[in-house]
Participant: 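Sharing a structure here in structure tokens format.
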Protein chains: 2
Amino acid sequence: MNISDVQELADLLKALGEVNRLSLVCRLCECSTPQNAMCLCECCSVDASGVSRHLKMLAQEGVVSVEKRGRERSYSLNRAYVADRLRVLADKIEMKEEI
Amino acid sequence: MNISDVQELADLLKALGEVNRLSLVCRLCECSTPQNAMCLCECCSVDASGVSRHLKMLAQEGVVSVEKRGRERSYSLNRAYVADRLRVLADKIEMKEEI
DNA sequence: TTAATATTTGCATATTTGCGCAAATATAGT
DNA sequence: ACTATATTTGCGCAAATATGCAAATATTAA
């Protein structure tokens, strides 16, 4: 794993490693359909602007996808991508891959 | 997953989500024997005091274990614990567990 | 004891981060 | 056009974080 890979993975983990952002992710976990930001506000203790910023960061890191729907934005979790990155690290940590 | 679980997991991810700390973890990944801090200094761009602080934080989060060995401290990765926490999240994200 | 090595800690500093508020923007409905 | 709703952005602030340096501490070896 080279430096830029490590940096990239660190950025993803940092995005997930804030309690309100992780709450948003957990909330999206449990939703089978995309959710708008107003609805997501309820699950964490920040106002709409804060949620907007957190979701923007999660989108930049590929954690969520956004779809414009009229005046709303619908957010959904990139389940496969995030789960895969976490498992790649878990496997590396357990030496289940080549050095 | 309740709030304190989310907080705890966020703390772990935050500990891993800093590039120098993740470099330390990756370095420890590749070591079959415990390593001292001086040796670990080489893999990241901070001085000994910075490495000391990063390792302390990783130890507090349960990522690494420390063993005193004379004037050195030997660090080793808690592979099973960290990999398990990452997989629990990955499974949740892919809905491979109960809501 | 003295010197050397490994690590931690205090301090100062620079940077980043998370936050709320208010204003701006975008879009929908009337 | 006007109003309401959803979201973003600029701003300022306070707290957290990362860092290096120098001093302190711990332990080993001579």
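Just so we're on the same page: letters track the sequence lines, and every chain starts at 1. Only a predicted model underlies this, so the values are computations on that prediction, with no experimental measurement involved.
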Participant: Classify the nucleic acid contact of B/Ser74 as base, sugar-phosphate or nothing, counting any heavy atom under 4.0 Å across all strands shown.
Facilitator: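 Nothing: the residue B/Ser74, judged by heavy atoms under 4.0 Å, touches no strand.
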Participant: Out of C/dT9, C/dG18, D/dA6, which nucleotide sits closest to the side chain of B/Lys56?
Facilitator: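 Out of C/dT9, C/dG18, D/dA6, the nucleotide with an atom closest to B/Lys56's side chain is C/dT9.
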Participant: Tell me: CG of B/Leu16 to P of D/dA18, nearest whole Å?
Facilitator: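 Distance check: B/Leu16 CG to D/dA18 P gives 12 Å.
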Participant: By nearest atom, which of the nucleotides D/dT17, D/dT7, C/dT7 is closest to the B/Asn36 side chain?
Facilitator: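 Minimum distance to the B/Asn36 side chain belongs to C/dT7.
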Participant: Base, sugar-phosphate alone, or nothing: which one does B/Arg69 contact when heavy atoms must sit under 4.0 Å apart?
Facilitator: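 No contact.
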Participant: Determine: side-chain N/O of A/His54 to OP1/OP2 of C/dT17, distance under 4.0 Å, yes or no.
Facilitator: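 Checking C/dT17 against A/His54, no side-chain N or O comes under 4.0 Å of OP1 or OP2.
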Participant: Select from A/Met57 and B/Ser52 the residue whose nearest nucleotide in DNA chain C is closer to the 5' end of that strand.
Facilitator: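 Looking at DNA chain C, the more 5' nearest nucleotide goes with B/Ser52.
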Participant: Any side-chain to backbone donor/acceptor pair from B/Asn78 onto B/Gly62? Under 3.5 Å, distance only.
Facilitator: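 Yes, B/Asn78 side chain to B/Gly62 backbone: donor-acceptor pair under 3.5 Å.
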Participant: With heavy atoms under 4.0 Å as the rule, sort A/Gly70 into base, sugar-phosphate or nothing.
Facilitator: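 Sugar-phosphate, no base atom in range.
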Participant: Under 4.0 Å: is that the gap between some side-chain N or O of B/Arg71 and OP1 or OP2 of C/dA4?
Facilitator: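 For C/dA4, OP1/OP2 do not have a side-chain N/O of B/Arg71 under 4.0 Å.
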Participant: Whole Å only: how far is the CD atom of B/Gln7 from the C1' atom of D/dA16?
Facilitator: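 Going from CD in B/Gln7 over to C1' in D/dA16 covers 13 Å.
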Participant: Separation of B/Arg53 atom CZ from C/dA12 atom P, in whole Å?
Facilitator: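 After rounding, the gap between these two atoms is 14 Å.
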Participant: Does B/Lys14 put a side-chain nitrogen or oxygen below 4.0 Å from OP1 or OP2 of D/dA16?
Facilitator: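 So the side chain of B/Lys14 is outside the cut-off, no N or O lying under 4.0 Å from OP1 or OP2 of D/dA16.
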Participant: Under 3.5 Å, side chain of B/Arg21 to main-chain N/O of B/Ala15, donor-acceptor pair present?
Facilitator: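 Checking the backbone N and O of B/Ala15 against the side chain of B/Arg21, a donor-acceptor pair under 3.5 Å is found.
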Participant: To the nearest 0.5 angstrom, please state how far the CG atom of A/Leu58 sits from the CG atom of A/Leu55.
Facilitator: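 So the gap between those two atoms works out to 6.0 Å.
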Participant: Starting at CG of A/Asp47 and ending at C1' of D/dT7, how long is that distance when rounded to a whole Å?
Facilitator: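 In whole Å, D/dT7 C1' and A/Asp47 CG are 11 Å from each other.
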Participant: Kindly indicate whether the side chain of A/Ser49 and the base of C/dC21 share any N or O donor-acceptor pair separated by less than 3.5 Å?
Facilitator: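 A donor-acceptor contact between them is present.
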Participant: Once you round it to whole Å, what is the distance between P of D/dA6 and OH of A/Tyr75?
Facilitator: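 It is 14 Å, rounded to the nearest whole Å.
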Participant: I need the NZ-P distance between B/Lys68 and D/dA26, as an integer number of Å.
Facilitator: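 Going from B/Lys68 (NZ) to D/dA26 (P), I get 8 Å.
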Participant: Does the distance from a Lys or Arg side-chain N to an Asp or Glu carboxylate O, for B/Arg87 and A/Glu94, drop under 4.0 Å?
Facilitator: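 A salt bridge links B/Arg87 with A/Glu94.
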Participant: Between P on D/dT25 and CZ on B/Arg73, what's the gap in Å once rounded to a whole number?
Facilitator: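 About 15 Å, once rounded to whole Å.
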Participant: So do the side chains of A/Leu89 and A/Leu13 get within less than 4.5 Å of each other, counting heavy atoms only?
Facilitator: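 Result yes, sub-4.5 Å side-chain heavy-atom pair found.
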Participant: Need one value for A/Ala37: base, sugar-phosphate or nothing, where a base atom within 4.0 Å counts as base even if backbone is also close, heavy atoms only.
Facilitator: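 Here A/Ala37 touches the backbone only, sparing every base.
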Participant: Calculate the interatomic distance between A/Glu72 atom CD and C/dA28 atom P; express it in whole Å.
Facilitator: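 The distance from CD of A/Glu72 to P of C/dA28 comes to 10 Å, rounded to the nearest Å.
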